[in-house]
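This is a predicted model, so every value here is computed, not measured.
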Amino acid sequence: ATSLLVITWGGVQFVFLSTGISIIIYFFLRDTSKENFAALLGWVSALTIFSGFISFTARRTGYLMGLLSSPIILLTYFGLAVIAIDMFVTPRIYEKRKWKMPSILFSLFLTVTIAFLFVLFINPSIIIGYTIGLKTQLLHPIGTDRITLTVAENNQPYFGTWKGTFTLKYFWLFMVAAVLLFYEAMQKMKKNERYILSAVYALFLIGIVFSRYSSNSVFNGTSFISQFTYFGGFAIFIMAFSAIYYNAYKSGEIEKIKGISKEFVLVLVMFFIVIISARGAIRLFFLLAPVTTILVSFISIELVDKSIEYFKNKKELGAIIYATITLSVIFLIIIPSFNTFSSSTINEAKWTKPGYYEILWQKAMSWVRENTEDNAVFSHWWDYGYWVQAIGERATFLDGGNSYGYWDYQMGRYVLTGQNEQEALEVLKTHNVSYLLIDPTDIGKYPAYSSIGSDLNYDRYNYIPTFMLDEKQTQETRDEKLFWYQGGTLFTEDFVWFDKSTKQQYFFSAQSGDAVIAGVLLPIKQITLNSTSNANADNLFISINQPKAVVISKQNTRIDIPLCHLYYNGTYNFEENGPCLKAGLYIMPRLIQSSSGSNIIPNGAALFLNERAMKALWVKLYLLNEGKNFELVHTESSPIVEQINQQGANLPDFIYYNDVLGPIKIWKVNYPDDIKVNPEYLNTRYPDDRLTIPR
């Protein structure tokens, strides 16, 4: 079962972390019998054998070696090794020589030495990863590479997320329960030692969570004081436990520590792992659910047992106090929390239904199933891979498994943000791609895949801001309207502009960000075609003049710079008019819903396409319909657009309704004869590992 989990879910590492750390703790507690060791050895042996079988049958030759060299899985092997050496090797060697170190340290030293030599033989980089990467793993358990940091669910939460997810009462309940469980686990130790360790453990847990309290606090997770609090809690807890453990070992009272329950150890280890993980990424909050449920159940039973114990011993005052605490916890925290969580889950399941986005995908994938070849391969950003596989029943170039980050890089750099069709076609042909699909949310994901596809200097990084029409600032004359689109964006490329009116030259740096494009002015003339006094839409001609970007410099100076391109009921190229900013304004209707009904503003919103966006292949294909070797074979319009058009409107593919709504577009890729397969694109490792490092 564990072998199957290994090949189906990356979260299997939590199994190995929990068992590995627990086994090592059992070793220090001297609390593992030969029967328990045999059971653990049987599990690990079966895991290894089945993994080797899967590796052989699936013809994945590097799979077993990858399993055996994984730092997290090696922790479990190491735990078993140290117990085996302590049971079977140390007694034969240690007794024959007068070693100054305790036998437990001798076993640990011998195991570490053997493990070091073994790892040095199979994969020396693991040693470097353990020594250098420990701090990063504790601070960022999900990782810090470009792909990881572009996934919203991988963002690190602040305390507000903890409070909002669990409620403040439930949060403090499971935190107190964890401390109480720790206290009960030490029941055979001296009372003062139990109190000291439990207090240190409580501070340790608080330091983990509250060292990342809020973004505008000194405890923001990245400041010196935050990291000092975080790692300081680790240090103090380890030192306190080590001191007490050493004193117990030296005084011969180690038996008192050995009495800790294995179940308590496992739960405490699991809680430690999930609380570190939840601090590291929002997507790992779900791991807290089963562990905190165990903790809250424990504190409930413990309080009830204490109440009964006091009643049996006829300690009335203590019985009344414990009974009051028990009833308060159960009726004021546990039952209300249960009702809140269960009602939320039931309502979410009850009222969850496909929205317009889900319907959009269902219809698009229906077309794919019925109109594309069974052996067709689809290319798109990785987010949609499993949807195309499961709903569209077609193979994909990328998917959410992200097995090969370098392939994500290829898609981001050479296809979506490709500077020409040639480089995109070469990548797609190498991966045997038949169709290219672009989703409307790719507009908002532009920063993600452009950063992943960038070089060391982030040459492709970009975004497309939305500018909104401000009707209050629209200026109108007898035959012209001057529309103002409010927005805000920076220059992505260095730009030099000579202002003829002031005879002054300006340099706008992309690196310094010292100037902001605050908006765009769009002049539109209405020219009457005849002299009738009752002019109507049939005898008016719309004349669109060149738009101007309004730039505010760091000296708070306003400079109006003409744009080269406009997309509004057609394509307008103004480059022949003279020097201009090589950017474009893509205008779309805006839909506003109110209690009185729907209102459509034909030119209510716009996308600002900067120079870098104008070069990107996905912009040329998806927004501008410019493609030579990409044949548009299907456009699945937004259900909202379709519904409004059925009522008599004539909306284009893209509209603004709380966000940009667009279609799913699918192109058939037609390869010219000169496009060849490039074996370099089949590599699974980056040509330069620095390309994974975020800026």
Side-chain angles (χ1 to χ4, degrees), residues 10 13-14 17 71-72 128-166 168 171-172 175 178 200-239 271-288 402 405 444-452 454-458 461-463 490 510-514 689-695:
Q13 61 184 313
F14 294 105
L17 276 173
I72 291 176
I128 301 174
Y130 264 134
T131 53
I132 298 178
L134 182 59
K135 176 184 175 182
T136 301
Q137 286 296 315
L138 289 172
L139 287 173
H140 311 282
I142 285 291
T144 57
D145 60 279
R146 292 186 188 181
I147 295 176
T148 297
L149 295 183
T150 58
V151 180
E153 294 86 352
N154 290 339
N155 291 336
Q156 290 188 286
Y158 294 104
F159 180 68
T161 305
W162 293 76
K163 183 170 62 175
T165 303
F166 295 107
L168 204 55
F171 168 79
W172 283 116
M175 290 288 279
V200 171
Y201 180 69
L203 292 175
F204 168 63
L205 294 181
I206 290 173
I208 290 175
V209 177
F210 288 92
S211 61
R212 190 173 175 83
Y213 184 75
S214 68
S215 59
N216 54 6
S217 165
V218 291
F219 296 103
N220 58 11
T222 57
S223 67
F224 171 79
I225 191 169
S226 292
Q227 296 193 17
F228 180 81
T229 302
Y230 182 63
F231 290 109
F234 276 87
I236 293 172
F237 177 74
I238 292 172
M239 287 189 295
F271 182 63
F272 165 73
I273 292 170
V274 299
I275 202 171
I276 293 290
S277 302
R279 182 191 184 276
I282 293 174
R283 72 184 310 164
L284 298 180
F285 256 66
F286 78 96
L287 291 168
L288 282 164
N402 291 316
K445 294 171 185 173
Y446 192 9
Y449 54 78
S450 63
S451 65
I452 292 171
S454 290
D455 65 5
L456 300 180
N457 297 315
Y458 266 60
Y461 180 75
N462 201 14
Y463 62 98
L490 302 174
Q511 296 295 326
S512 64
D514 55 0
D689 288 338
R690 292 179 298 170
L691 293 171
T692 66
I693 301 173
R695 184 170 61 181

Is the shortest side-chain heavy-atom distance between [X] and [Y] below 4.5 Å?
X    : Y    : answer
P694 : Y458 : yes
Y230 : V209 : no
R146 : T692 : no
F272 : L205 : no
L456 : L691 : yes

Q: Walk me through it: do Y446 and Y449 pass the test ring pair (Phe, Tyr, Trp, His ring centres under 6.0 Å)?
A: CA-CA 6 Å; Y446 192 9; Y449 54 78; 5.7 Å; yes
What pair of heavy atoms forms the shortest contact from [X] to [Y], and how long is it?
X    : Y    : result
P447 : Y463 : CG-CB, 3.7 Å
L287 : S277 : CD1-CB, 4.4 Å
F285 : P157 : CE1-CG, 3.4 Å
F14  : I273 : CD2-CG2, 3.5 Å
G221 : S226 : N-OG, 3.2 Å
A178 : F271 : CB-CE2, 3.5 Å

(Q) Is the ring pair F237/F204 parallel, tilted or perpendicular, if the boundaries are 30 and 60 degrees? (A) parallel
Q: Assign the ring pair F159 / F171 to parallel, tilted or perpendicular, where the plane angle (0 to 90°) is split at 30° and 60°.
A: perpendicular
Using 0.5 Å steps for rounding, measure from the [atom1] atom of [X] to the [atom2] atom of [Y].
X    : Y    : atom1 : atom2 : answer
W162 : F210 : CH2   : CZ    : 9.5 Å
Q156 : T161 : CD    : OG1   : 11.0 Å
Y461 : S454 : OH    : OG    : 9.0 Å
I275 : I208 : CD1   : CD1   : 5.5 Å

Q | Contacts of I225 that satisfy side-chain contact (heavy atoms from CB on, under 4.5 Å) - sequence neighbours left out | A | V218, F219, S223, T229
Q: Say whether Y213 and N220, considering side chains only, have a donor N or O and an acceptor N or O under 3.5 Å apart.
A: no
Q. Going by atom types only, do S211 and R279 share a side-chain donor-acceptor pair under 3.5 Å?
A. yes
Q | All side-chain hydrogen bond (donor to acceptor under 3.5 Å, both in side chains) counterparts of K445, not counting sequence neighbours | A | D383, Y384, T441
